[in-house]
Amino acid sequence: VAQRTTGEMVTLVIRDLSRSSAEPPQGPVDRAIPIIQVPSNDDSNQLKILVIDDNKDVLKLVVRILTSAGHTVTSSLNSVDATQHLEGKDLLILDYNLPGENGLEAYARFLSLGSIAPAIFITGYNVTEVEEALKPEWHATVLKKPFMSEDILQSISSVQTLLRPS
């Protein structure tokens with residue numbers, strides 16, 4: 001799987017469609033054309049995100065998805081160590097089934113410490129049960145494991161939309 005980052009060179013292969021299918025190819029049909037990705041000046045959708053999951057594989061995957069989307073990501077394997085990384089975060093992504101305290105308990109503690117970041121809880125358990133445990137004043141949503149990269153990015157977009165001033 002290729003990863004893209006701002007400013008990285010990407011090779012795009014373009015089929016030469018100028019020839020009719022009846023003509024035999026005379027030389028290479030595909031050409032590699034180097035393209036440079038120009039960084040966007042619009043940082044409005046880039047977030048500082050803290051991801052907390054005790055499963056190293058899930059943590060690495062989520063971090064990879066989010067950094068590939070241009071977000072700045074900090075990660076932690078548990079909620080206790082994550083406490084030191086709360087400051088300045090725009091979003092928290094927490095596994096529901098964390099050791100010690102679950103993701104909901106951790107988020108409640110983070111809020112009591114002054115964090116104002118919204119949260120996305122990821123879970124392999126019953127989503128409805130986790131959603132019902134969310135407090136009405138929390139800016140939070142739940143995402144079911146396993147999920148695709150598009151799912152987590154859509155959840156982030158939904159949380160951003162909720163928080164944008166009208």
Side-chain angles (χ1 to χ4, degrees), residues 1-8 10 36-166:
V1 174
Q3 288 182 318
R4 293 182 298 157
T5 58
T6 303
E8 185 175 310
V10 178
I36 297 175
Q37 185 177 14
V38 179
S40 168
N41 291 330
D42 181 14
D43 293 346
S44 63
N45 291 326
Q46 295 177 352
L47 301 175
K48 294 177 187 153
I49 302 173
L50 174 59
V51 181
I52 308 162
D53 198 310
D54 60 317
N55 182 315
K56 289 180 185 178
D57 294 330
V58 172
L59 191 63
K60 286 179 189 176
L61 175 65
V62 173
V63 168
R64 182 177 298 153
I65 292 168
L66 300 178
T67 55
S68 293
H71 300 292
T72 302
V73 184
T74 305
S75 63
S76 180
L77 289 167
N78 64 68
S79 60
V80 174
D81 291 342
T83 305
Q84 66 185 331
H85 302 291
L86 288 173
E87 189 174 334
K89 296 303 181 272
D90 301 310
L91 177 66
L92 308 177
I93 298 177
L94 303 94
D95 181 27
Y96 171 72
N97 191 29
L98 291 170
E101 60 185 354
N102 69 38
L104 299 173
E105 294 165 337
Y107 187 61
R109 186 170 56 81
F110 296 159
L111 292 174
S112 74
L113 294 172
S115 174
I116 58 169
I120 297 173
F121 296 96
I122 53 177
T123 184
Y125 294 97
N126 184 326
V127 170
T128 305
E129 183 180 310
V130 178
E131 287 174 334
E132 288 173 354
L134 297 178
K135 297 191 178 188
E137 65 271 15
W138 289 0
H139 294 287
T141 189
V142 181
L143 181 61
K144 174 85 170 145
K145 290 181 192 175
F147 51 81
M148 302 294 288
S149 57
E150 297 83 20
D151 299 328
I152 195 160
L153 295 174
Q154 181 57 48
S155 292
I156 291 169
S157 181
S158 297
V159 170
Q160 285 179 298
T161 302
L162 275 175
L163 296 176
R164 270 193 201 113
S166 308

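Since the structure is predicted, the reported quantities are computational estimates derived from the model, not experimental observations. Residue numbers start at 1 and run along the sequence shown.
Not a single donor-acceptor pair under 3.5 Å links the side chain of S157 to the backbone N or O of Q154. Within the 3.5 Å criterion, the main-chain N or O of L47 finds a donor-acceptor partner in the side chain of H71. Not a single donor-acceptor pair under 3.5 Å links the side chain of S115 to the backbone N or O of L111. Between the side chain of R109 and the main chain of S79, a donor-acceptor pair closer than 3.5 Å is present.
Here the side chains of I122 and V58 are in contact, with some heavy-atom distance below 4.5 Å. In this structure, the side chains of I49 and T74 stay at 4.5 Å or more apart for every pair of heavy atoms. Within the 4.5 Å cutoff, no side-chain heavy atoms of L92 are placed close to those of I52.
Atom CD1 of I120 sits about 13.5 Å away from atom NE2 of H139, to the nearest 0.5 Å. The OG1 atom of T141 sits 11.5 Å away from the CD1 atom of I156 when rounded to the nearest 0.5 Å. The line from NZ of K48 to CD of E87 is 10.0 Å long, rounded to the nearest 0.5 Å. Here the straight-line distance linking atom CG of L50 with atom CD of Q84 works out to 10.0 Å at 0.5 Å rounding.
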- Message: Under the criterion side chain to side chain contact (heavy atoms under 4.5 Å, CB included), I'd like the reasoning laid out for D95 against N55: C-alpha separation, chi angles, the key distance, then a yes or no.
- Response: CA-CA 9 Å; D95 181 27; N55 182 315; 5.9 Å; no
- Using the side chain to side chain contact (heavy atoms under 4.5 Å, CB included) rule, take I93 and I152 through it: C-alpha gap first, then chi angles, then the decisive distance, then the call. CA-CA 10 Å; I93 298 177; I152 195 160; 4.0 Å; yes
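Crowding of E131 atom CD: a count of heavy atoms from other residues, nucleotides or ligands under 6.0 Å exceeding 12.
In terms of heavy-atom proximity, A133 sits nearest to L104 at CB-CD1, 3.4 Å. Between L94 and G103, the shortest heavy-atom contact is CD2-O, 3.6 Å. Among all heavy-atom pairs drawn from E101 and E105, the shortest one is CA-OE1, 3.1 Å. Taking all atoms of both residues into account, the shortest heavy-atom contact from S75 to V63 is CB-CG2, 3.8 Å.
Considering only residues two or more places apart in sequence or on other chains, T123 meets the side-chain contact (heavy atoms from CB on, under 4.5 Å) condition with Y96, Y125, V127, V130, V142. Taking S155 as the reference, nothing meets the side-chain hydrogen bond (donor to acceptor under 3.5 Å, both in side chains) condition, with sequence neighbours excluded. Legend: residues meeting side-chain hydrogen bond (donor to acceptor under 3.5 Å, both in side chains) with N102, ordered by chain and number and at least two apart, are absent. Applying the ring pair (Phe, Tyr, Trp, His ring centres under 6.0 Å) criterion to F121, with sequence neighbours excluded, gives Y107. Taking the side-chain hydrogen bond (donor to acceptor under 3.5 Å, both in side chains) definition, one finds that D81 meets it with N78, sequence neighbours left out.
For residues 50-60, every residue pair satisfying the salt bridge (Lys or Arg N to Asp or Glu O under 4.0 Å) rule, not counting sequence neighbours, is listed here: D53-K145.
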